[in-house]
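Before any comments, here is the structure.
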Amino acid sequence: MKKPLILFAVVLLFSACGGKKSGGGTDSTTTTTTTTSTSSETVTTVKDTVGEALIAKNDCLTCHKVDQKIVGPAYNDVADKYKSAGASIVDTLANKVIKGGSGNWGSVAMTPHPSLSTTDAKHMVTYILQLKK
Ligand code: HEC
(Lines give C-alpha, C1' and ligand atoms only; values in the text may rest on other atoms or scores of the structure.)
Protein backbone atom coordinates (compact mmCIF):
# COMPACT_ATOMS: atom_id res chain seq x y z
CA MET A 1 0.00 0.00 0.00
CA LYS A 2 1.18 3.23 -0.92
CA LYS A 3 1.13 5.78 1.64
CA PRO A 4 -1.03 8.52 0.60
CA LEU A 5 0.93 11.53 -0.01
CA ILE A 6 0.16 13.89 2.55
CA LEU A 7 0.21 17.09 0.92
CA PHE A 8 1.36 19.69 3.08
CA ALA A 9 -0.31 22.67 2.23
CA VAL A 10 2.21 25.17 2.79
CA VAL A 11 0.45 28.19 3.57
CA LEU A 12 2.65 30.95 2.79
CA LEU A 13 1.85 33.77 4.84
CA PHE A 14 2.74 36.75 3.05
CA SER A 15 3.02 39.05 5.79
CA ALA A 16 2.60 42.09 3.89
CA CYS A 17 4.74 44.30 5.83
CA GLY A 18 3.72 47.11 3.69
CA GLY A 19 5.59 49.84 5.36
CA LYS A 20 4.87 52.66 3.08
CA LYS A 21 7.83 54.79 2.95
CA SER A 22 6.75 58.09 4.07
CA GLY A 23 8.32 61.27 3.02
CA GLY A 24 7.74 62.86 -0.21
CA GLY A 25 10.99 62.76 -2.00
CA THR A 26 13.60 65.39 -1.98
CA ASP A 27 12.76 68.75 -0.76
CA SER A 28 13.66 71.23 -3.34
CA THR A 29 16.02 73.32 -1.37
CA THR A 30 15.51 76.83 -2.34
CA THR A 31 18.71 78.64 -1.98
CA THR A 32 18.06 82.21 -1.40
CA THR A 33 21.05 84.17 -2.32
CA THR A 34 21.21 87.33 -0.41
CA THR A 35 23.24 89.75 -2.29
CA THR A 36 24.97 92.01 0.05
CA SER A 37 25.86 94.96 -1.98
CA THR A 38 28.84 96.66 -0.61
CA SER A 39 28.17 100.21 -1.34
CA SER A 40 31.49 101.75 -0.88
CA GLU A 41 30.99 105.18 0.40
CA THR A 42 33.67 106.84 -1.49
CA VAL A 43 34.34 110.27 -0.34
CA THR A 44 35.15 111.77 -3.62
CA THR A 45 37.68 114.35 -2.90
CA VAL A 46 39.63 114.79 -6.04
CA LYS A 47 43.16 115.43 -5.05
CA ASP A 48 44.44 118.68 -6.37
CA THR A 49 47.39 117.29 -8.26
CA VAL A 50 47.98 120.66 -9.91
CA GLY A 51 48.56 122.15 -6.49
CA GLU A 52 50.75 119.26 -5.49
CA ALA A 53 52.96 119.73 -8.54
CA LEU A 54 53.18 123.47 -7.99
CA ILE A 55 54.30 122.95 -4.42
CA ALA A 56 56.99 120.57 -5.61
CA LYS A 57 58.14 123.09 -8.20
CA ASN A 58 58.30 126.05 -5.84
CA ASP A 59 60.30 126.60 -2.69
CA CYS A 60 57.49 125.53 -0.36
CA LEU A 61 59.08 122.26 0.63
CA THR A 62 62.19 123.94 1.94
CA CYS A 63 60.09 125.22 4.83
CA HIS A 64 57.17 122.81 4.82
CA LYS A 65 56.72 119.09 4.98
CA VAL A 66 53.46 117.22 4.84
CA ASP A 67 53.78 115.60 8.23
CA GLN A 68 56.50 117.49 10.01
CA LYS A 69 57.10 121.04 11.07
CA ILE A 70 60.26 122.55 9.62
CA VAL A 71 60.32 126.33 9.47
CA GLY A 72 56.65 126.45 8.65
CA PRO A 73 53.91 124.22 10.02
CA ALA A 74 53.35 120.70 8.69
CA TYR A 75 50.74 120.73 5.92
CA ASN A 76 48.82 118.12 7.88
CA ASP A 77 48.53 120.57 10.71
CA VAL A 78 47.46 123.37 8.40
CA ALA A 79 44.70 121.12 7.02
CA ASP A 80 43.69 120.22 10.55
CA LYS A 81 43.63 123.79 11.80
CA TYR A 82 41.30 124.94 9.05
CA LYS A 83 39.22 121.79 8.64
CA SER A 84 36.05 123.43 9.80
CA ALA A 85 36.68 126.75 8.15
CA GLY A 86 34.43 127.85 5.33
CA ALA A 87 35.24 127.87 1.65
CA SER A 88 36.70 131.35 1.83
CA ILE A 89 39.71 130.01 3.70
CA VAL A 90 41.21 129.03 0.34
CA ASP A 91 41.29 132.68 -0.71
CA THR A 92 42.62 133.80 2.65
CA LEU A 93 45.45 131.31 2.66
CA ALA A 94 46.27 131.79 -1.02
CA ASN A 95 46.65 135.46 -0.26
CA LYS A 96 48.91 134.67 2.64
CA VAL A 97 51.14 132.47 0.48
CA ILE A 98 51.49 135.30 -2.03
CA LYS A 99 52.02 138.06 0.50
CA GLY A 100 53.80 136.09 3.21
CA GLY A 101 53.48 136.85 6.86
CA SER A 102 53.39 135.46 10.36
CA GLY A 103 51.15 135.30 13.36
CA ASN A 104 49.02 132.22 12.87
CA TRP A 105 51.66 129.70 13.84
CA GLY A 106 54.22 131.80 15.61
CA SER A 107 56.49 134.72 14.99
CA VAL A 108 58.43 133.22 12.11
CA ALA A 109 57.20 134.68 8.86
CA MET A 110 56.58 132.96 5.59
CA THR A 111 58.38 134.59 2.75
CA PRO A 112 56.15 136.25 0.17
CA HIS A 113 55.67 134.63 -3.22
CA PRO A 114 54.64 137.59 -5.37
CA SER A 115 55.26 135.80 -8.63
CA LEU A 116 52.58 133.24 -7.94
CA SER A 117 49.20 133.76 -9.53
CA THR A 118 46.15 133.65 -7.32
CA THR A 119 44.95 130.61 -9.26
CA ASP A 120 48.15 128.72 -8.62
CA ALA A 121 48.22 129.69 -4.97
CA LYS A 122 44.64 128.50 -4.61
CA HIS A 123 45.55 125.15 -6.14
CA MET A 124 48.36 124.77 -3.64
CA VAL A 125 46.18 125.68 -0.72
CA THR A 126 43.42 123.34 -1.91
CA TYR A 127 45.93 120.53 -2.05
CA ILE A 128 47.24 121.36 1.42
CA LEU A 129 43.78 121.47 2.93
CA GLN A 130 43.03 118.01 1.56
CA LEU A 131 45.89 116.56 3.57
CA LYS A 132 43.75 115.60 6.51
CA LYS A 133 45.33 113.38 9.08
C1 HEC B 1 60.81 130.64 4.28
C2 HEC B 1 60.04 129.51 4.68
C3 HEC B 1 58.72 129.27 3.98
C4 HEC B 1 58.48 129.04 2.64
C5 HEC B 1 59.49 129.02 1.53
C6 HEC B 1 57.06 128.78 2.53
N7 HEC B 1 56.46 128.87 3.75
FE8 HEC B 1 54.49 128.59 4.12
N9 HEC B 1 54.80 129.13 6.04
C10 HEC B 1 56.02 129.44 6.63
C11 HEC B 1 55.81 129.89 8.00
C12 HEC B 1 56.89 130.30 8.97
C13 HEC B 1 54.42 129.81 8.22
C14 HEC B 1 53.66 130.20 9.48
C15 HEC B 1 53.12 131.63 9.30
C16 HEC B 1 52.29 132.07 10.47
O17 HEC B 1 52.62 131.80 11.60
O18 HEC B 1 51.25 132.72 10.19
C19 HEC B 1 53.81 129.32 6.98
C20 HEC B 1 52.47 129.11 6.81
C21 HEC B 1 51.90 128.60 5.68
C22 HEC B 1 50.50 128.31 5.53
C23 HEC B 1 49.44 128.52 6.61
C24 HEC B 1 49.13 129.99 6.71
C25 HEC B 1 48.26 130.36 7.86
O26 HEC B 1 47.99 131.58 7.99
O27 HEC B 1 47.85 129.49 8.64
C28 HEC B 1 50.32 127.84 4.26
C29 HEC B 1 49.02 127.42 3.63
C30 HEC B 1 51.60 127.84 3.62
N31 HEC B 1 52.54 128.29 4.51
C32 HEC B 1 51.83 127.44 2.35
C33 HEC B 1 53.03 127.64 1.68
C34 HEC B 1 53.20 127.42 0.26
C35 HEC B 1 52.12 126.94 -0.69
C36 HEC B 1 54.49 127.71 -0.03
C37 HEC B 1 55.17 127.69 -1.38
C38 HEC B 1 54.62 128.59 -2.37
C39 HEC B 1 55.12 128.11 1.22
N40 HEC B 1 54.19 128.04 2.24
C41 HEC B 1 56.44 128.49 1.34
C42 HEC B 1 57.24 129.38 6.01
C43 HEC B 1 57.44 129.19 4.66
Side-chain angles (χ1 to χ4, degrees):
M1 292 271 291
K2 281 184 181 175
K3 266 190 176 178
L5 291 166
I6 306 162
L7 296 170
F8 291 101
V10 184
V11 186
L12 297 167
L13 293 169
F14 289 100
S15 53
C17 298
K20 239 192 179 181
K21 284 197 175 169
S22 59
T26 34
D27 285 348
S28 52
T29 323
T30 325
T31 321
T32 324
T33 326
T34 323
T35 0
T36 329
S37 53
T38 11
S39 55
S40 47
E41 286 168 41
T42 26
V43 184
T44 32
T45 314
V46 182
K47 186 178 168 187
D48 196 326
T49 46
V50 175
E52 185 181 26
L54 283 166
I55 284 175
K57 247 177 34 185
N58 283 274
D59 65 347
C60 319
L61 298 175
T62 56
C63 293
H64 293 281
K65 253 183 126 172
V66 169
D67 53 5
Q68 206 181 303
K69 178 186 187 296
I70 313 177
V71 179
Y75 283 151
N76 269 342
D77 291 333
V78 176
D80 204 49
K81 182 182 175 88
Y82 300 108
K83 64 171 183 272
S84 43
S88 63
I89 192 66
V90 176
D91 296 83
T92 311
L93 292 180
N95 214 21
K96 169 105 168 210
V97 171
I98 293 168
K99 298 219 169 102
S102 62
N104 283 341
W105 296 87
S107 53
V108 184
M110 171 155 59
T111 47
H113 298 85
S115 58
L116 283 179
S117 71
T118 311
T119 314
D120 283 0
K122 277 192 190 173
H123 273 301
M124 293 163 149
V125 169
T126 304
Y127 162 74
I128 294 166
L129 294 179
Q130 285 170 344
L131 296 168
K132 305 239 165 71
K133 281 182 198 174

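In listed order, ligands and their atoms are each counted from 1. The model shown is predicted, which means the values in this text are computed figures rather than measured ones.
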For this session: Identify whether NZ of Lys or CZ of Arg in Lys69 sits under 6.0 Å from the centre of the six-membered ring of Trp105 and within 45° of that ring's axis.
Result: no
For this session: Heavy-atom contacts with Val71 under 4.0 Å: which atoms of ligand 1 show up? List them by number with element.
Result: 12 (C)
Seminar exercise, completed: atom 9 (N) of ligand 1: closest protein heavy atom, distance to 0.1 Å, is His64 NE2, 2.7 Å
Problem set entry | Spatial distance of atom CD (Glu52) from atom CD1 (Ile128) [nearest 0.5 Å] | 11.0 Å
For this session: Using heavy-atom distances, let me know which of Ser102, Cys60, Gly106 sits nearest atom 36 (C) of ligand 1.
Result: Cys60
Exercise. What residue and atom, counting heavy atoms only, is the protein's closest point to atom 21 (C) of ligand 1, and at what distance?
Worked result: Met110 CE, 3.3 Å
Exercise. Going by heavy atoms in the side chains, are Leu93 and Leu129 under 4.5 Å from each other?
Worked result: yes
Problem set entry | Distance-minimising heavy-atom pair for Asn58 and Met124 | ND2-CE, 3.3 Å
Exercise. Quick one: nearest non-hydrogen protein atom to atom 12 (C) of ligand 1, plus distance?
Worked result: Val108 O, 3.3 Å
Problem set entry | Backbone or side-chain N or O of Pro73 under 3.5 Å from ligand 1 N or O | no
Problem set entry | Region of Val97 that comes within reach of ligand 1 [heavy atoms, distance under 4.0 Å] | side chain
Exercise. Looking at atom 17 (O) of ligand 1, what's its closest protein heavy atom, distance included?
Worked result: Trp105 N, 2.5 Å
For this session: Would you mind telling me if ligand 1 is within reach of the side chain of Lys81, the backbone, both or neither, using heavy atoms under 4.0 Å?
Result: neither
Exercise. Minimum heavy-atom separation for Ser102 to Ala109, with atom names?
Worked result: CB-CA, 3.6 Å
Problem set entry | For atom 26 (O) of ligand 1, the protein heavy atom that lies nearest, with its residue and separation | Asn104 ND2, 2.5 Å
Problem set entry | Lys57 atom NZ, neighbour heavy-atom count above 12 within 6.0 Å | no
Exercise. For ligand 1, which atoms, with element, lie under 4.0 Å from some heavy atom of Asp59?
Worked result: 5 (C), 37 (C)
Exercise. Taking all atoms of both residues into account, what is the closest heavy-atom pair of Val97 and His113, and its distance?
Worked result: O-ND1, 3.0 Å
Exercise. How does Leu93 reach ligand 1, if at all, at less than 4.0 Å between non-hydrogen atoms: by side chain, backbone, both, or neither?
Worked result: side chain
For this session: Name the closest protein heavy atom to atom 11 (C) of ligand 1, giving the residue it belongs to and the distance to 0.1 Å.
Result: Gly72 CA, 3.6 Å
Exercise. Which one holds for Leu116 and ligand 1: side chain close, backbone close, both close, or neither close, with close meaning a heavy atom under 4.0 Å?
Worked result: side chain
Problem set entry | Expected output: side-chain Gln130 to main-chain Asp48 donor-acceptor under 3.5 Å | yes
Exercise. At their closest point, which heavy atom of Ala74 faces which heavy atom of Asp67, and how far apart are they?
Worked result: CB-C, 3.7 Å
For this session: Report yes if His113 has an N/O atom closer than 3.5 Å to an N/O atom of ligand 1; otherwise report no.
Result: no
Problem set entry | Closest protein heavy atom (residue, atom, distance) for atom 18 (O) of ligand 1 | Lys96 NZ, 2.5 Å
Exercise. Can you check whether Thr111 has an N/O within less than 3.5 Å of an N/O in ligand 1?
Worked result: no
Exercise. For ligand 1, which atoms have a heavy atom of Gly101 less than 4.0 angstrom away?
Worked result: 15 (C)
Exercise. Given His64 and Ile70, is the side chain to side chain contact (heavy atoms under 4.5 Å, CB included) satisfied, shown in steps?
Worked result: CA-CA 6 Å; His64 293 281; Ile70 313 177; 5.7 Å; no
Exercise. Say you draw a straight line from CD1 of Ile98 to CE of Met110; how long is it, rounded to the nearest 0.5 Å?
Worked result: 10.0 Å
Problem set entry | Residues Tyr75, Ile55; criterion side chain to side chain contact (heavy atoms under 4.5 Å, CB included); working and verdict | CA-CA 11 Å; Tyr75 283 151; Ile55 284 175; 4.1 Å; yes
Problem set entry | Close-contact set for ligand 1 against Ala109 heavy atoms, below 4.0 Å | 12 (C)
For this session: Would you indicate whether Lys65, at its atom NZ, is surrounded by more than 12 heavy atoms from other residues, nucleotides or ligands within a distance under 6.0 Å?
Result: no
Exercise. In the protein, which heavy atom is nearest to atom 43 (C) of ligand 1, and how far is it?
Worked result: Cys63 CB, 3.3 Å
Seminar exercise, completed: Taking only non-hydrogen atoms of Gly103 and a 4.0 Å limit, the atoms of ligand 1 in range are 16 (C), 17 (O), 18 (O)
Problem set entry | Those atoms of ligand 1 less than 4.0 Å from some heavy atom in Tyr82 | 25 (C), 26 (O), 27 (O)
Exercise. For Tyr82 and Val125, what are the C-alpha separation, side-chain angles and deciding distance, and is it a side chain to side chain contact (heavy atoms under 4.5 Å, CB included)?
Worked result: CA-CA 11 Å; Tyr82 300 108; Val125 169; over 6 Å; no
Exercise. Purely on distance, is any nitrogen or oxygen of Thr62 under 3.5 Å from one on ligand 1?
Worked result: no
